[in-house]
Amino acid sequence: MHIGVLALQGAFREHIVTLESLGVKATAIRMPSQLAQLNGLVIPGGESTAIAKLMVSYGFYDPIRQHHDSAGMAVWGTCAGAILIAREIIDALPGQESLGLMDIAVQRNAFGRQVDSFEADLDFAHLEDGPFRGVFIRAPWIEETGPGVETLAHHDGKVVAARQGDLMATAFHPELTGDPRVHRFFIEQVVAA
Ligand code: GLN
């Protein structure tokens, strides 16, 4: 099992530490050539506009799409990463392009209009041992989900986690809590799909 974490900007180190704690080989991905042979890729939180610019500079858009579509690489986007894998970014900045992998529409900085950052206990589908503590930092929410998308968690009536086959989006930061259950779910359920 080999999971890559896109390491252009944002909270990528914490994902690597959590994945390694689960006994998985985890690599910081800085060049598209490193995508070969990955079972899964995590696109971390950070600033989606900055990550998108760097993805353009380094030529990541088509290689990520190709490795997902034809090489079976699962993809999980957290926060800014969820924005980047969505079919549609609502209120995207001019020129802000998403990968368009997952059939969701996300609203950027959605909770941020009310309060910048907060934590909340989430009832996350398929996870045992009680609620998962969600850390939300200028988080998006998932405004629309297509027919093939399973919602995994809600907060205040908004979808904050979802999966579609080998794709997963979480609006919050599971790598910042020290609780590895969402990472284990990605490895066991999403990558296995
Ligand atoms: N608001 C940020 C964005 O639009 C996402 C914040 C985060 O990843 N914590 O990119």
Side-chain angles (χ1 to χ4, degrees), residues 3-19 26 28-30 40-58 60-61 64-65 74-122 124 132-145 151-156 158-163 167-183 185-186 190:
I3 307 290
V5 182
L6 192 67
L8 300 176
Q9 191 265 342
F12 53 87
R13 286 180 199 86
E14 295 84 350
H15 276 292
I16 291 172
V17 169
T18 309
L19 290 164
I29 303 297
R30 297 197 167 84
L41 176 71
V42 179
I43 304 182
E47 181 49 50
S48 59
T49 49
I51 298 174
K53 272 187 197 133
L54 291 163
M55 281 171 58
V56 170
S57 306
Y58 289 90
F60 267 107
Y61 275 87
I64 290 176
R65 291 178 181 126
V75 183
W76 170 20
T78 57
C79 202
I83 294 168
L84 288 164
I85 68 172
R87 161 176 55 75
E88 183 189 344
I89 306 172
I90 300 167
D91 295 337
L93 297 179
Q96 187 181 15
E97 189 196 349
S98 71
L99 288 157
L101 297 175
M102 188 166 172
D103 193 8
I104 55 175
V106 294
Q107 173 77 55
R108 287 190 66 209
N109 299 340
F111 291 108
R113 293 199 191 112
Q114 296 151 35
V115 52
D116 249 9
S117 302
F118 59 95
E119 296 188 15
D121 280 335
L122 305 173
F124 195 109
F132 190 90
R133 190 82 178 153
V135 176
F136 294 79
I137 305 170
R138 292 188 305 284
W141 65 49
I142 299 170
E143 181 74 35
E144 292 166 27
T145 55
T151 59
L152 297 170
H154 292 79
H155 177 68
D156 268 358
K158 298 295 180 182
V159 179
V160 294
R163 97 179 252 203
L167 298 164
M168 184 165 81
T170 52
F172 51 96
H173 286 261
E175 78 285 6
L176 297 183
T177 49
D179 180 343
R181 286 180 292 160
V182 178
H183 289 77
F185 179 81
F186 177 67
V190 184

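Indexing begins at 1, ligand by ligand and atom by atom, following the structure's order. Predicted model, so just to flag it, every value in this text is computed and none were measured.
For S117, the side-chain contact (heavy atoms from CB on, under 4.5 Å) criterion is met by I137, not counting sequence neighbours. Every residue meeting the side-chain contact (heavy atoms from CB on, under 4.5 Å) condition with T145, not counting sequence neighbours, appears here in chain and number order: I104, I142, V149, T151. By the salt bridge (Lys or Arg N to Asp or Glu O under 4.0 Å) test, R65 pairs with D62, E97, sequence neighbours left out.
Listed by chain and number, G45, G46, E47, S48, C79, A80, I83, R108, N109, I137, R138, H173 each place a non-hydrogen atom less than 4.0 angstrom from ligand 1.
Between F124 and F172, the angle of the ring planes goes over 60°, which puts this pair in the perpendicular group of the 30/60° scheme. Classification of the F111-F118 ring pair by plane angle, with boundaries at 30° and 60°, yields perpendicular.
The only option from L6, V190, V42, L167 that meets the side chain to side chain contact (heavy atoms under 4.5 Å, CB included) definition with V75 turns out to be L167.
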